[in-house]
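Here is the structure we will look at.
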Amino acid sequence: DDTPQEAREGPPALHRISGIWRKATKFFESQNSAKEREVASALQEQRSQYEAQLAEATKSFETQTAAKERQMASALSEWSSSVQEQRSKYEARLAEAELQSLKLLDQREKEIEDLNKQLAANAVQVEELKADRALKDSSQATMITEITALKDDLDSSRREIS
């Protein structure tokens, strides 16, 4: 338990519940952070792959034009078509990746919303447990008072009998 000793007031069960609450909150935050880093990493990896493909296509073009200077017009036209096709494919892949990323982000947002709802429900349960504990403590104090009074009456009766 990482709570300072002087901050521990109240029943140990509440401290355990508070500790579990803090750990659960940290866990959910770290899960969300890890998922966000995972999505960012996947996007960066896809971007790097697509940029490498584009660089490779550009290099191929430069090699072809140097080797075929006399056929420059047809090579340029051919390359232009190839680049346009690859660009279309790249843009289609990029659009698909962005769509997948948006879907994943929507899913993560829903998961976060669900986790927040769970946390809120847990907070309500904690408050109910606190109220139950306060009621039990009050009942216990009343019972101790009644037992003490009965003991005093019993002691008094015994003294009168003796």
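Model, not experiment: these values are computed from the prediction.
At distances below 3.5 Å, at least one donor-acceptor pair connects side-chain atoms of S139 with backbone N or O atoms of L135. Checked by atom type and distance alone, the side chain of S81 pairs as donor or acceptor with a backbone atom of S77 at under 3.5 Å. Remark: side-chain polar atoms of S60 are not paired, donor with acceptor, to backbone N or O of E56 under 3.5 angstrom. The backbone N or O of I144 lies less than 3.5 Å from a partner atom in the side chain of T148, making a donor-acceptor pair.
In this structure, the separation between OG on S41 and CD on Q46 is 10.0 Å, given to the nearest 0.5 Å. If you take CG on L104 and CD on E36, they are separated by 10.5 Å, rounding to the nearest 0.5 Å. Atom CG of N122 and atom CD of E127 lie 12.0 Å apart (nearest 0.5 Å). Note that CG of L94 is 11.5 Å distant from CG of L99, once rounded to the nearest 0.5 Å. Rounded to the nearest 0.5 Å, atoms CG (D132) and CD (Q125) are 11.5 Å apart. Atom CZ of R108 and atom CG of L115 lie 11.0 Å apart (nearest 0.5 Å).
When all heavy atoms are compared, the tightest approach of S101 to L43 is OG-CD2, 2.8 Å.
Using a 4.5 Å heavy-atom threshold, the side chains of V83 and T58 count as separate. The closest side-chain heavy-atom distance from S80 to Q84 is not below 4.5 Å. For the pair Q31 and E111, the minimum side-chain heavy-atom distance is 4.5 Å or more. Considering only heavy atoms from C-beta on, Q86 stays 4.5 Å or farther from L54 through its side chain.
Here F28 pairs with nothing under the ring pair (Phe, Tyr, Trp, His ring centres under 6.0 Å) rule; sequence neighbours left out.
Under the 4.5 Å side-chain heavy-atom criterion for grouping Ile, Leu, Val, Met, Phe, Trp and Tyr, I20 is not connected to L14 through any hydrophobic cluster. If you chain together hydrophobic residues whose side chains sit under 4.5 Å apart, I17 and L119 never meet in one group.
The 12-atom threshold is exceeded at CD of Q107, counting heavy atoms of other residues, nucleotides or ligands nearer than 6.0 Å.
A salt bridge does not link K59 to E62: none of the charged nitrogens lies less than 4.0 Å from a carboxylate oxygen. Using a cut-off of 4.0 Å between Lys/Arg side-chain N and Asp/Glu carboxylate O, D114 and K110 are scored as salt-bridged.
Remark: the R22 side chain and the S18 side chain contain no N/O donor-acceptor pair separated by less than 3.5 Å. Side-chain contact annotation: Q53 with R93, donor-acceptor N/O pair under 3.5 Å present.
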